[in-house]
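Working notes, structure below.
Note that the structure is a prediction, hence the values are computed from the model and not measured. When reading the values below, keep in mind they use all heavy atoms of this one structure, side chains included, and skip hydrogens, waters and symmetry mates.
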Amino acid sequence: MDATTSTKSALIVHAHPEPDSFSTAQMRVAAEELRRSGHSVRIVDLYADGWAPVLDRHEFGPVEGHFKPQAEQRKAVREGTLPVEVRAHLDAVLDADLLVLSFPLWWFSVPAILKGWVDRVFAMGAVFGGDHGVFDRGALHGKRAVVLVTTGGSAESFDRGGSFGAMDDFLYHIRRGMLEFVGYEALPPVVTYGPAHATDADRLAALEAVREAFAALGDGRRDTAEARAAAV
């Protein structure tokens, strides 16, 4: 299907500083597969774009008294005074049927630049709060989101009882506290484990697993399997 004729749209927000990384490679595979399944795809590359991640009082006009970031966001949304780059990214979020957060797992969480993107773009009054609630009353209710992740550790190390602990535990604050909180249906994560320690053949197999996972996702299925690269 020609993506230009499709009503389905996907926004991929990518956070890796190396354009030749495996993380970037699997993001590109995901984008290709979504386009093949009929999605129009927009990619936001936070490092390449030089995204400023810090939410502070300089985001807004003069602030009297104590600075309350969410109150200022709500006011800016209401008055139409969000910074131009924030408004553009917010509009892309609101327009997309599917959000993909693509990142390496750093310190068992998202890179700071991606957390800062969420801080600034998931503005109170626009995606939650104000005229919206949270969870099934969030502004993004009815839309889907998925995380596309690489790790430094092996799949076994992220099993429950493994040396690090269960991957689901590390992703819970993202799934529940960022995605479901604003209304998204959070789909099963797509994770490649330890690509830096894998053989070339294993990395190719992992990219194929990512392709298969996003084929299922693009076709509307929820049974996306984790993409695994065997670590040595």
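- One distance of note links CG of Leu11 with CG of Asp91; it measures 11.5 Å at 0.5 Å rounding.
- Smallest separation of non-hydrogen atoms from Trp106 and Pro17: CH2-CD, 3.8 Å.
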Requested in this report: Evaluate the side-chain contact (heavy atoms from CB on, under 4.5 Å) criterion for residues Lys8 and Leu98: first the C-alpha distance (whole Å), next the side-chain angles of each, then the deciding distance (0.1 Å), finally the verdict.
Outcome: CA-CA 8 Å; Lys8 296 183 292 183; Leu98 172 70; over 6 Å; no

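- In this structure, Val146 and Phe214 have side chains that are in contact, with non-hydrogen atoms separated by less than 4.5 Å.
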Side-chain donor-acceptor distances from residues 119-134 under 3.5 Å, at least two apart:
residue : atom : partner : partner atom : Å
Asp119  : OD1  : Lys115  : NZ           : 2.7
Asp119  : OD2  : Lys115  : NZ           : 3.4
Arg120  : NE   : Glu59   : OE1          : 3.0
Arg120  : NE   : Glu59   : OE2          : 3.1
Arg120  : NH1  : Ala52   : O            : 2.7
Arg120  : NH2  : Glu59   : OE1          : 3.0
Arg120  : NH2  : Glu85   : OE2          : 2.9
His132  : NE2  : Ala126  : O            : 3.4

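- By the 4.5 Å side-chain criterion applied to Ile, Leu, Val, Met, Phe, Trp and Tyr, Leu55 is assigned to a cluster that also includes Phe60, Val63, Phe67.
- Scanning all heavy atoms of the two residues, the minimum distance from Ala96 to Ser9 falls at CA-OG, 3.3 Å.
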- Message: For Phe170 and Thr151: C-alpha separation, side-chain torsions, deciding distance, then whether side-chain contact (heavy atoms from CB on, under 4.5 Å) applies.
- Response: CA-CA 11 Å; Phe170 294 116; Thr151 74; over 6 Å; no

- Message: Glu32 vs Arg35, test: salt bridge (charged side-chain N to carboxylate O under 4.0 Å, His left out). Steps then yes/no.
- Response: CA-CA 5 Å; Glu32 290 171 2; Arg35 290 188 180 106; over 6 Å; no

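- For the pair Ala15 and Pro111, the tightest heavy-atom approach, listed with the atom from each and the gap, is O-CG, 3.8 Å.
- For Gln26 and Thr192, the side-chain atoms include at least one donor-acceptor pair closer than 3.5 Å.
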task = Tell me, with the steps shown, if Leu34 and Leu217 meet side-chain contact (heavy atoms from CB on, under 4.5 Å).
result = CA-CA 8 Å; Leu34 287 172; Leu217 192 154; 4.1 Å; yes

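- Taken to the nearest 0.5 Å, the NE2 atom of His89 stands 6.0 Å off from the CG atom of Asp49.
- Taking every heavy atom of both residues into account, Met178 and Val118 meet most closely at SD-CG2, 4.2 Å.
- A donor-acceptor contact closer than 3.5 angstrom is absent between the side chains of His197 and Ser154.
- The side-chain hydrogen bond (donor to acceptor under 3.5 Å, both in side chains) search around Asp169 returns Arg160, not counting sequence neighbours.
- What you find for Asp20 and Glu18 is that their closest heavy atoms are N-OE2, 2.8 Å.
- To the nearest 0.5 angstrom, Leu171 atom CG is 15.0 Å from Arg176 atom CZ.
- A search for side-chain hydrogen bond (donor to acceptor under 3.5 Å, both in side chains) contacts involving Arg74 returns nothing, not counting sequence neighbours.
- Between His16 atom NE2 and Asp45 atom CG the span is 10.5 Å, to the nearest 0.5 Å.
- Note: the hydrophobic cluster containing Leu114 does not contain Tyr172 (ILVMFWY, side chain heavy atoms under 4.5 Å, direct or indirect links).
- Through direct or indirect side-chain contacts shorter than 4.5 Å among Ile, Leu, Val, Met, Phe, Trp and Tyr, Leu204 is connected to no other residue.
- Legend: residues meeting ring-ring contact (aromatic ring centres under 6.0 Å, His included) with Phe164, ordered by chain and number and at least two apart, are Phe108, Phe158.
- A distance-only check finds no donor-acceptor pair linking the side chain of Arg211 to the backbone of Glu33 [under 3.5 Å].
- Of the inter-residue distances, the one linking Ile43 atom CD1 with Ile12 atom CD1 reads 5.0 Å to the nearest 0.5 angstrom.
- Within the model, atoms OG of Ser23 and NE2 of His14 stand 4.5 Å from one another, a figure rounded to the nearest 0.5 Å.
- Side-chain contact between Leu99 and Leu179 is present, with heavy atoms from C-beta onward closer than 4.5 Å.
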Residue pair Phe22, Leu207: steps toward the side-chain contact (heavy atoms from CB on, under 4.5 Å) verdict
CA-CA 9 Å; Phe22 184 89; Leu207 290 177; 3.6 Å; yes

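- Of all the heavy atoms in Ala92 and Arg42, the pair that sits closest is CB-NH1, 3.3 Å.
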